[in-house]
Amino acid sequence: MSALDALTPQNPAAAEVTGEAGLGPWHAAWRRLRRNPSGIVGAVLVLLFVLVAIAAPLLAPYRPATAEWFGEVTPTQVPGPSEDHPLGLDSFGSDLLTQLIYGARSSLVIGVVSTAIGLAAGALLGVLAGGIGGWVDTLVMRVVDVLLSIPSLLLAVSIAAVLDRGSFSIMLAISAAQVPIFARLLRASLLAQRGQDYVVALKSLGLRQRRIVVGHMLPNSLGPVLVQATLTLATAVIEVAALSFLGLGDPDPAVAEWGRMLVTAQARLDQAPMLAIYPGLAIAVTALGFTLLGEALREALDPRSSR
């Protein structure tokens, strides 16, 4: 172990809380996460969501938005479950199960990409503010304060309305609402690291500020950011559905989206309420999975937070 590695904090206090002294911080966090029942449930739900989204062409019995059975839909009735269609048809004569499966793919792609963009941009601003400080910190934080003063969904709707309809517009809209959250969180984590003994020792060794921030302070500040990213994925899934529900999603009817399914189900609620219940459950269960996993990660990385 080098002298610089010896100066890196290993969070012994967190390990002592659970009697795991001697383990690395990430190893100890992994062990605590495996013992958390809610974390396991959340991980299973998230894994199922990801697997369904990735394997959609293999799992879906038909192609999405085919309208192949539109002739079976009448003004007063939508065919329910049958041998060929386990969940029945939707209002346009497409297989409902297929629409739900491909809707998971749309939610996963848009949610992950938007969160990744928001995390990258927010992390850059957070590093500039917390790592450099001074007038840079003041300038960045004033911009972040302005963004935080606008409700996230309202900001996303405003951006999506200005841009052309489509998945890319939704990604930019959702990520823009996430940037100030990640920026403020990472800045706070970096500021908490500034007064640590290892930072003072590294400065006394003559290391440049940039190397200290990027090589040592930043890796030790990523825990809360990763937790927030997991929780933000739950919000992103809901916001994707909300923007699609408001008509700001992809205009291509062949693109299955849970939010659009809720819109089309409104006219048939009295005849086929399951058209709204199924996508609503899919959104709720997916968001629940990310939330449970995120809370479990928070407790695993900082067990004192659950006391």
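All values below come from the heavy atoms of this structure, side chains included, with hydrogens, waters and symmetry mates left out.
Taken from OG in S94 to NE2 in H85, the straight-line distance is 10.0 Å, to the nearest 0.5 Å. Here the CD1 atom belonging to I238 is positioned 11.5 Å from the CG atom belonging to L233, to the nearest 0.5 angstrom. Note: S175 OG to I170 CD1 = 11.5 Å, rounded to the nearest 0.5 Å. Rounding to the nearest 0.5 Å gives a distance of 10.5 Å between CG of L231 and CD1 of I181. Taking CG from L275 and CD from Q266, the interatomic distance works out to 12.0 Å, rounded to the nearest 0.5 Å. Atoms OG1 and CG, from T230 and L297 in turn, are 5.0 Å apart once rounded to the nearest 0.5 Å.
Between the side chain of W258 and the backbone N or O of L100, at least one donor-acceptor pair lies under 3.5 Å. The backbone N or O of A241 lies less than 3.5 Å from no partner atom in the side chain of S244, so there is not a single donor-acceptor pair. For the pair S107 (side chain) and A104 (backbone), a donor-acceptor distance under 3.5 Å is absent. Judged by distance alone, the side chain of R105 and the main-chain N or O of A53 form a donor-acceptor pair under 3.5 Å. A donor-acceptor pair under 3.5 Å is absent between the side-chain atoms of T115 and the main chain of V112, judged by distance alone.
In this structure, V127 is a member of the same hydrophobic cluster as L119, with clusters built from ILVMFWY side-chain heavy atoms closer than 4.5 Å. Both L246 and M171 are members of a single hydrophobic cluster when ILVMFWY side chains are connected at heavy-atom separations under 4.5 Å. Hydrophobic clustering (side-chain heavy atoms under 4.5 Å, transitive across Ile, Leu, Val, Met, Phe, Trp, Tyr) keeps L288 apart from I277. In the hydrophobic clustering of ILVMFWY residues, with side-chain heavy atoms under 4.5 Å counting as a link, Y278 and V237 come out together. Note on L125: it does not cluster hydrophobically with L191, by side-chain heavy-atom contacts below 4.5 Å among ILVMFWY residues.
For R34, the CZ atom is densely surrounded, since the number of other residues' heavy atoms within 6.0 Å is greater than 12.
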Exercise for review: Please step through side chain to side chain contact (heavy atoms under 4.5 Å, CB included) for the pair Q99 and M261, ending with a clear verdict.
Suggested key: CA-CA 8 Å; Q99 295 296 98; M261 295 175 68; 3.8 Å; yes

Practice item. With side chain to side chain donor-acceptor pair (under 3.5 Å) as the test, would you mind laying out the steps for D84 and S82 before giving the verdict? Key: CA-CA 5 Å; D84 295 330; S82 64; 5.5 Å; no

Practice item. Report the C-alpha distance between V78 and D90 in whole Å, list the side-chain angles of each, state the deciding distance to 0.1 Å, and finish with yes or no for side chain to side chain contact (heavy atoms under 4.5 Å, CB included). Key: CA-CA 7 Å; V78 178; D90 64 9; 5.9 Å; no

Practice item. Could you go through the side chain to side chain contact (heavy atoms under 4.5 Å, CB included) check for L108 and V52 one step at a time? Key: CA-CA 10 Å; L108 175 65; V52 168; over 6 Å; no

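A pairwise comparison of heavy atoms in P279 and L262 identifies CG-CD2, 3.8 Å as the closest pair. Summarising the geometry of P86 relative to D95, their closest heavy-atom pair is CD-OD1, 4.4 Å, with the distance given to 0.1 Å. Contact between V227 and G294 at its shortest, heavy atoms only, is CG1-O, 3.4 Å. The shortest heavy-atom contact between L185 and P224 is CD2-O, 3.3 Å. Across every non-hydrogen atom of G39 and L293, the tightest pair is O-CD1, 4.0 Å. When all heavy atoms are compared, the tightest approach of L190 to G126 is CD1-O, 3.6 Å.
Salt-bridge formation is detected for the pair R184/D145: a Lys NZ or Arg NE/NH1/NH2 atom is positioned less than 4.0 Å from an Asp or Glu carboxylate oxygen.
At least one side-chain heavy atom of R187 sits less than 4.5 Å from a side-chain heavy atom of M141. Side-chain contact between F182 and T232 is present, with heavy atoms from C-beta onward closer than 4.5 Å.
As a member of the Ile/Leu/Val/Met/Phe/Trp/Tyr network built from side-chain separations under 4.5 Å, I40 groups with V44, L48. Hydrophobic cluster membership for L51: L47 (Ile, Leu, Val, Met, Phe, Trp, Tyr linked by side-chain heavy atoms under 4.5 Å, directly or transitively). Applying the 4.5 Å side-chain rule to ILVMFWY residues, one finds W69, L89 in the same cluster as Y62.
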